[in-house]
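Since the structure comes first, as structure tokens, the remarks are kept for the end.
FYI, side chains are in, hydrogens and waters are out, and symmetry mates aren't considered; it's all heavy atoms of this structure. One-based numbering, in listed order, for ligands and for the atoms of each.
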Amino acid sequence: MSKQTHAFQAEVAQLLHLVTHSLYSNQEIFLREMISNASDACDKLRFEALNNSALFEDAPELQVRLSFDKTAKTLTITDNGIGMTAQEAIDHLGTIAKSGTKDFVSKLSGDQKSDAQLIGQFGVGFYSGFIVADKITVETRRAGAASAEGVRWISGGTGDFEVETIARAERGTSVVLHLREEALDYANTWKLKEIVGKYSDHISLPILMEKEEWKDGELIEPNNEEGGRQPGGMVKTGEWETINKASALWTRPKKDITDEQYADFYKQISRDFEAPLTWTHNRVEGSTEYTQLLYIPSKAPQDLWNRDKKAGIKLYVKRVFIMDEAEALMPSYLRFVKGVVDSADLPLNVSRELLQESRDVKAIREGCTKRVLSMLEDLAKHDKAPAATEGVTDVLSDEDKAKLGQYTKFYAEFGAVLKEGLGEDFGNQARLSKLLRFASSTHDNVSVSFADYKARMKDGQDAIYYITADTLAAAKNSPQLEVFKKKGIEVLLMTDRVDEWALNFVNEFDGTPLQSVAKGAFDLGKLQDEEEKKATEDAAETFKPMLAKLKEALKDKAEDVRVTSRLVDSPACLVVTDDGMSMQLARMLKQAGQSAPDVKPVLEVNPEHALVKKLDGSVHFHDLAHILFDQALLAEGGLPADPAAYVKRVNALLS
Ligand code: ADP
């Protein structure tokens with residue numbers, strides 16, 4: 001194939017523009033990306049070679065080599081991994097195939113600082129080479145292809161790239177970065193070693209650099225910059241040395257791994273900038289043997305809500321990389337967990353389909369789920385200093401001190417996803433329930449657990465009361481809460497979209513039923529005295545004819561009309577039947593374009609309210625009835641079916 005010019009896909013061009021025009025505080029991530037691609041390429045070769053060992057050709061030892069040429073101003077990253085065919089080079093180095101990345105490009109704000117931050121989070125992979133290079137030459141040959149079938153790919157990182165066929169004896173890929181003037185620092189052994197140590201120490205593949213020597217034969221010492229030694233300067237020796245640890249971190253004993261190393265490894269596998277919130281590392285022995293190293297990130301990713309997003313677990317079998325995003329190893333509601341599972345039992349040629357069926361995998365998944373839950377329980381337990389030591393944190397161990405506030409942080413990022421587990425993982429429902437936190441009518445912060453709530457329950461209270469609403473304000477000021485406030489009974493406020501759905505699966509906590517304050521007839525049980533109950537019964541009797549009239553007037557809107565003692569200041573509110581779908585959920589489903597039954601609520605009126613007292617005998621009875629209903633709907637976040645009619649009725653009365 002002679003030289004061909006191809007245009008970059010529009011998104012790539014946009015990305016490249018940003019990459020080359022942003023100021024980076026951490027330019028050096030380009031090397032991590034290059035090494036990570038080289039390492040992936042070696043993993044892929046190792047995997048394909050399981051069924052075709054000829055692919056190793058004569059070089060079974062997979063490795064990455066870094067080299068630079070100060071005169072030519074180049075830095076080269078060479079791997080002997082899978083390589084690329086011409087078509088693969090055109091496809092993979094000219095487009096953005098990853099689904100998330102398109103989404104990412106659309107999120108760019110134009111503000112360089114925050115966009116550069118975003119790039120770091122997503123990791124722009126190969127294209128990050130243009131942070132330091134104004135031209136990139138890639139020379140590659142696919143493992144197994146003839147040496148005449150090498151490929152050269154060249155681009156200046158603007159609109160297009162060139163591809164041509166070349167002869168290439170070695171399998172694999174060399175990426176030659178033609179360094180920008182201001183990036184010449186990277187053509188330096190000491191600097192490269194430092195960056196590799198920082199980002200790529202735990203790549204299980206050896207990263208090699210040519211050894212350098214002082215001209216008089218004295219070896220360079222680590223951490224000693226080139227200057228300040230003998231005038232002869234450094235010369236290459238022709239001998240290559242491994243500059244990273246090259247042992248998979250998770251296979252090392254826990255006690256030999258520092259927190260910093262754990263955090264670096266996390267950044268490497270997750271491409272996250274920030275350190276993880278916490279992690280767990282264990283060797284599990286028993287019917288199935290495996291090592292797990294699981295991390296909880298500090299921040300939720302942009303696409304957390306995409307339920308199709310695969311789990312962040314990499315599967316290895318006996319240290320051989322098998323696949324990314326092994327969704328069979330983690331339930332969907334824990335899709336934010338990142339990490340590595342290395343199994344000793346699974347066959348090396350395991351496929352995604354096989355994973356779904358394997359009993360070993362099922363055991364690993366259960367084991368990983370339990371581990372993550374214990375990790376969260378531990379954070380939850382140490383989130384606040386124990387009451388007795390409040391303020392005197394000195395009595396806490398350093399380890400415990402580090403955990404203060406961590407669960408609150410976790411919950412703010414991932415709490416809502418965790419709730420999906422209530423409906424997904426019945427086996428762990430009880431444990432999950434204990435991990436939930438809510439705001440309440442007496443606590444604005446999302447910090448109240450069911451257990452906290454129970455501990456504060458009033459004498460005689462026999463249910464955990466909650467309300468669901470679209471916003472915290474709507475929940476807090478809802479008419480349904482009036483009597484609870486008056487009596488000083490706490491009500492949990494649930495405002496996550498997933499709450500209503502999730503609570504369908506939980507009827508009780510530790511023997512105490514959960515009761516929505518907007519569902520079913522009002523019954524506070526022992527919390528109401530006889531006198532109050534009698535007053536409501538009497539009111540029901542007195543208002544009987546009026547209620548019948550109201551019911552008739554509102555027969556298209558309300559299922560029933562009755563008096564209630566749940567209101568104090570408001571004239572009316574809406575409730576649904578005990579097993580009915582809440583008005584809020586029905587609204588949410590409709591907004592999402594899904595079919596939802598038309599919920600016909602019950603209108604409850606406050607017999608003590610002046611407006612209700614005035615209703616009977618009013619010449620405006622019909623209009624007032626409708627206004628009462630529509631206002632109740634507004635108060636709980638809904639909209640009247642015919643807003644114009646509502647406005648007309650109110651205006652008629654006002655004038
Ligand atoms: P990602 O690695 O996240 O898929 P990149 O932009 O870094 O995205 O790379 C795009 C694709 O180019 C890779 O998925 C791979 O197919 C190919 N590629 C990049 N570097 C190499 C390499 N050193 N060897 C083989 N293929 C590579």
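Contact annotation: for Ile77 versus ligand 1, there are no heavy atoms closer than 4.0 Å. Contacts with ligand 1 closer than 4.0 Å are made by side-chain heavy atoms of Leu93 only, the backbone lying farther away.
Two rings, from Tyr407 and Phe410, have their centers less than 6.0 Å apart.
Residues passing the side chain to side chain donor-acceptor pair (under 3.5 Å) test with Thr173 are Thr140, sequence neighbours excluded.
When Thr95, Asn37, Val175 are checked for heavy-atom proximity to atom 9 (O) of ligand 1, Asn37 turns out nearest. Relative to atom 26 (N) of ligand 1, the option among Met84, Glu88, His92 with the closest non-hydrogen atom is Met84.
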Can you give each donor-acceptor pair under 3.5 Å made by side-chain atoms of residues 240-248, sequence neighbours left out, with the distance rounded to 0.1 Å?
unit_1: Glu241; atom_1: OE2; unit_2: Lys193; atom_2: NZ; d: 3.2
unit_1: Asn244; atom_1: OD1; unit_2: Ile207; atom_2: N; d: 2.9
unit_1: Asn244; atom_1: ND2; unit_2: Ile203; atom_2: O; d: 3.4
unit_1: Asn244; atom_1: ND2; unit_2: Leu205; atom_2: O; d: 2.9
unit_1: Lys245; atom_1: NZ; unit_2: Asp201; atom_2: OD2; d: 3.2
unit_1: Ser247; atom_1: OG; unit_2: Arg252; atom_2: NH1; d: 3.4

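Between the CG atom in Leu432 and the CG atom in Leu334 there is a gap of 7.5 Å [rounded to 0.5 Å].
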